[in-house]
Every structure is written in C-alpha cells, then in structure tokens.
2 protein chains.
Amino acid sequence: MLTHAAEDYLKSIYKLQEKVGKVSTGILAEYLNVKPASATGMIKKLKTMKLVSHERYQGVTLTDAGRAIALEIIRHHRLLELYLFKALGVPWDGVHEEAEKLEHVISEDVEARMDEFLGYPTADPHGAPIPDKNGVVIKTTRIPMTDLRERQSCVVAEVSDTDSALLRHLGSFNLYPGTAFRVVEVAPFEGPFTIDVAGQQVVIGREVAKHVFVDDVQDPDNV
Amino acid sequence: MLTHAAEDYLKSIYKLQEKVGKVSTGILAEYLNVKPASATGMIKKLKTMKLVSHERYQGVTLTDAGRAIALEIIRHHRLLELYLFKALGVPWDGVHEEAEKLEHVISEDVEARMDEFLGYPTADPHGAPIPDKNGVVIKTTRIPMTDLRERQSCVVAEVSDTDSALLRHLGSFNLYPGTAFRVVEVAPFEGPFTIDVAGQQVVIGREVAKHVFVDDVQDPDNV
DNA sequence: AAATTATTTTAGGCATACCTAAATTATATA
DNA sequence: TATATAATTTAGGTATGCCTAAAATAATTT
C-alpha cells in the first residue's frame with residue numbers, strides 16, 4: 001500500500017500535468033509546500049515503484065499505473081466533497097479541506113455507497129469532474145471568465161476549490177456551478193467585471209474572475 | 001496535535017483500564033499488536049505530554065487530559081460506526097474497521113453533523129455507549145450471557161465489535177442490541193446455550209456467548 | 001534466601017518524510 | 001564562449017514509531 005505522502009505526490013503531479021504540461025521538481029515542491037530536495041527524494045521513490053518516469057533535470061511524468069492511482073485519489077476526493085456537501089450540509093468552502101484528509105482512508109466499499117447515494121454524479125460542488133471507477137474523466141470546455149466580453153451570457157462551470165475565502169465570496173453572489181450570468185461591463189485596463197446574476201448586478205474583481213470558468217457562452221441576440 | 005499512534009495508545013489505555021483495571025506495558029503492547037519496548041517508548045512520550053502517569057514497572061494511568069482525549073476518539077469511533085451503518089448501509093461487521101481509520105481524521109464539525117443526522121444517539125451498532133461531547137458516558141448494567149440460567153429472558157445490550165466473523169454469526173440469528181430472547185436450555189459442563197429468538201430456536205456456543213452482554217433479565221413468570 | 005522465570009526498560013537500528021547546506025547541472029547573459 | 005544565475009540533486013541531519021537484543025528489575029519457585 002502507498003503512503004499518504006506518495007498519494008499526494010501522484011495527485012499533484014497529475015493536476016500540474018493538466019495545468020502546466022511539464023512538471024518540474026521545483027513546481028511540484030512549491031505546489032506541495034515542501035522543499036525541492038524533498039520532492040527529488042519522493043520522485044526517486046515513486047520511480048522505483050514504476051509510478052513515474054524521470055530523467056535528472058527533465059521533470060516527472062506519470063506512468064499508466066501512476067495515473068490510475070492519481071485518478072483514484074482524485075475520485076475519492078471529489079466524491080467525498082460532494083457527499084459532505086449534499087448529505088451532511090458542509091458548506092462548499094469547507095469540503096475541500098475535509099476531503100483532503102478523508103481521501104486517503106476511505107474504503108472502496110464506502111465510496112461505492114456514497115456514489116450510489118449521490119446517483120453516480122459527474123461533478124463535485126466546485127464543478128470539477130469526478131473520474132469514474134475506471135479512471136475515465138469527462139472533459140468539457142471551460143473558458144476562463146476573464147475571456148468574456150461585454151454583453152455575453154454564460155453558465156458557471158467550475159471554480160477553484162482551494163481558497164476557502166474565495167469560495168465564500170463567490171457563494172455570497174450565488175456563483176455556484178450551474179448559475180447563469182450576463183456580463184454588463186468590463187472595466188478597461190484589466191479592471192473588474194460587472195455582471196448580472198438573476199437580476200442583481202455584482203462586481204467581480206479580475207483576480208477573482210481568474211478562478212471562475214464558464215460554459216455555454218452566448219453572444220447577445222441583437223448583434 | 002497528536003499523532004494517530006498516540007491517539008490509539010490513549011484509546012487503548014482507556015479501554016484496558018475499563019476492562020482489566022491496571023494497565024501494564026505488556027498488556028497494552030499485546031492489545032495494540034506492538035512489542036513491549038515500543039509501548040514503553042510511547043508511554044514515555046505521552047508522559048512528557050502529561051496525558052498519562054507512569055512509574056517504572058508500575059503500569060500506566062490516564063490523566064484527566066488523557067482521558068478526555070481518549071473519550072473524544074472513542075466518541076468519533078462509535079458515532080462513525082453508527083453513521084456508516086445507518087446512513088450508508090455498511091454491514092455491522094464492517095463498520096469497526098472502517099471507523100478505525102476515519103476516527104483520526106474526522107473534524108468536529110462533520111462529527112456534529114453526523115450526530116445531528118442520527119438524532120444524538122447514545123449507542124453504536126454493537127450497543128457500546130457513545131460518550132457525549134463533554135466525555136460523559138452513560139453506563140448501564142451489562143450481564144454476560146454466560147451468567148444466564150434456563151428459562152430467563154432478556155434483551156441483547158452489547159456485543160464485542162472487533163471480530164467480524166463473530167458479528168456475521170450473531171447477525172445471522174438476528175442477535176442485535178435490542179433483540180429479546182429467552183434461554184431454553186443450558187447444556188451442562190460449560191456447554192452451549194439454546195435460546196428462543198422470535199420463536200426460532202438457536203444454539204449459541206459458549207465461546208460466542210462470552211461476547212454477548214444482556215440487559216433486562218427476567219425470571220420466568222411461573223416460578 | 002537463592003535461583004529461576006517473567007516483565008519491563010534501555011540501547012541501538014530501520015524506514016518514512018521532512019529539512020538545510022553544499023555540490024552539481026542547466027540556462028541565460030555579457 | 002565564458003560567466004553569472006537558476007534549478008536540481010546529493011549529502012547529512014531531525015523526528016516519529018516501529019523493531020530486536022541485551023540489561024535491569026520484579027515476581028515466583030525451590
């Protein structure tokens with residue numbers, strides 16, 4: 001069996017691979033809040049287990065076996081988040097931290113029961129896709145909110161799950177996955193977005209908008 | 001924060017203190033499946049944290065602070081068992097193992113939500129009492145089934161939770177906490193018990209009966 | 001009381017996973 | 001191309017928590 005630390009490394013390598021492509025030791029260490037030397041050590045260990053490929057100074061890549069484990073952990077995490085949210089009413093800005101601890105200890109049996117209870121869901125409370133039991137992830141188009149132009153409408157698809165304060169902020173405007181909004185105004189010089197959510201006008205700073213991803217972008221009818 | 005190992009030691013010391021009174025290093029080590037030398041090491045560590053008292057060769061005792069932590073962990077464990085059983089349908093012979101891992105990582109917030117969902121219960125699926133938030137345990141009379149005599153009736157109060165096969169065996173006879181039965185026959189020379197459970201006659205071996213504790217013992221009406 | 005047996009503790013090792021500091025290798029700049 | 005800078009790896013150290021083997025202490029038997 002893998003240690004929790006090893007599982008966290010595999011999960012992080014997977015996420016960074018998705019986000020930035022090549023995963024260097026330094027990037028990985030920064031992401032995990034450890035020193036580069038520690039990352040080197042774990043990478044060597046994972047390599048002996050054939051879970052990653054690695055050539056000195058060239059970055060890490062997951063092997064098929066490593067990716068399978070990474071996706072399993074991510075599935076645990078996201079199912080747990082949704083379960084805590086729906087079954088126990090844990091606020092969405094708290095589920096990430098909680099799931100982070102539980103993902104390493106939950107059994108496949110309990111996971112399957114939660115999956116059934118939730119009706120085999122495909123996204124967590126932040127809109128992130130839940131890999132299925134075989135590690136298959138459904139990828140959908142996700143446009144950063146910062147790409148939107150004035151008068152476009154769209155639906156929130158996903159938001160970053162790590163910053164609890166950001167989530168409370170977005171929650172206060174009802175900006176959950178599934179919520180539709182329309183861009184009223186984009187202030188010039190990288191300024192904030194004014195949007196219309198269910199008839200209410202709300203100002204979203206650019207730094208916040210960078211963490212919101214949308215779907216179903218529609219240009220105004222009267223062009 | 002305490003390590004999982006330290007929490008397990010405190011919990012075990014508490015349980016052994018209840019069961020056998022004085023807790024020696026050897027007994028503790030055996031209970032935890034570690035060597036006596038390892039137990040000595042952890043006892044020293046817990047002593048520096050003022051969670052146990054210990055004089056060389058004299059056994060361990062929990063301090064008030066140590067007992068509070070032990071009861072907190074036991075509360076986590078038993079609430080989790082009941083939650084897994086009631087909310088997710090995990091069979092009662094599986095909840096112990098599962099809770100054993102979860103008890104160290106569940107937050108007070110999630111625990112409070114499970115407690116509310118369950119309606120502030122006072123016993124786990126095996127009949128063991130759930131300490132309240134302040135560490136208060138309701139103690140009730142628990143007579144070993146082996147003390148019963150022919151024709152007495154009673155109600156199952158509690159069964160050992162650690163042996164999964166035993167639990168499946170008892171479950172197959174519906175011998176859950178709350179189930180009433182009547183002793184039909186006690187075979188001589190430490191032999192098995194024949195009991196009547198809801199009209200069905202069932203034979204319970206003495207070794208099994210040692211792990212069943214009962215309540216509400218009534219002598220036959222026609223004495 | 002002395003000797004044997006059992007229990008407990010000390011001493012020294014191993015693996016995990018982190019750290020800092022120094023050495024190495026790669027990359028960018030002059 | 002040589003040199004400065006940045007990234008990565010190696011080397012050596014810390015803490016946890018387990019182990020075995022040997023020493024110390026306590027309990028039991030003769």
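In what follows, chains carry the letters A, B, and so on, assigned in the order in which the sequence lines appear, proteins first and then strands, with residues in each chain numbered from 1.
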Here the distance between atom P of dA6(C) and atom CD1 of Ile27(B), to the nearest Å, is 15 Å

Per atom distances to the Thr3(A) side chain, the nearest of dT9(C), dC19(C), dA17(C) is dA17(C)

Here the distance between atom C1' of dC18(C) and atom CG of Leu28(A), to the nearest Å, is 14 Å

### Message
Could you check whether Lys15(A) pairs with Glu18(A) (Lys NZ or Arg NE/NH1/NH2 to Asp/Glu carboxylate O, under 4.0 Å)?
### Response
no

Separation of dC19(C) atom P from Leu32(A) atom CG, nearest Å, is 10 Å

By nearest-nucleotide position on DNA chain C, the 5'-leaning member of Lys45(A) and Pro36(B) is Pro36(B)

At a 4.0 Å cut-off to heavy atoms of chain A, the contacted part of DNA chain D spans dT8(D) to dT10(D)

* Asked: Under 4.0 angstrom, heavy atoms only, what part of the nucleic acid is His4(A) near: base, sugar-phosphate, or nothing?
  -> nothing

What I want to check is whether the side chains of Ser172(B) and Arg168(B) have a donor and an acceptor closer together than 3.5 Å.
no

Do Asp8(A) and His104(A) have side-chain atoms, one donor and one acceptor, less than 3.5 Å apart? yes

Rounded to whole Å, the CG-P distance (Asp8(A) to dT16(C)) equals 16 Å

* Asked: Going by distance alone, is a donor N or O of one side chain under 3.5 Å from an acceptor N or O of the other, for His77(A) and Glu81(A)?
  -> yes

- request: Give one of base, sugar-phosphate or nothing for Ala37(B), where a contact means two heavy atoms less than 4.0 Å apart.
  value: base

Mate of dT30(D) across any strand shown (Watson-Crick or G-U wobble, both atom pairs under 3.5 Å) is dA1(C)

Thr25(B) has its side chain closest, among dA17(C), dT8(C), dA11(C), to dT8(C)

To the nearest angstrom, the NZ-P distance between Lys44(B) and dT9(C) comes to 9 Å

Atom pairs under 3.5 Å, N or O on each side, protein against nucleotides 25-27 of chain C: can you list them with distances?
residue, atom, partner, partner atom, Å
dT25(C), O4', Tyr57(A), OH, 3.3

From the candidates dT10(C), dT16(C), dC18(C), the one with an atom nearest any side-chain atom of Thr40(B) is dT10(C)

Is a side-chain donor or acceptor of His126(B) paired with a backbone partner of Trp92(B) at a separation under 3.5 angstrom? yes

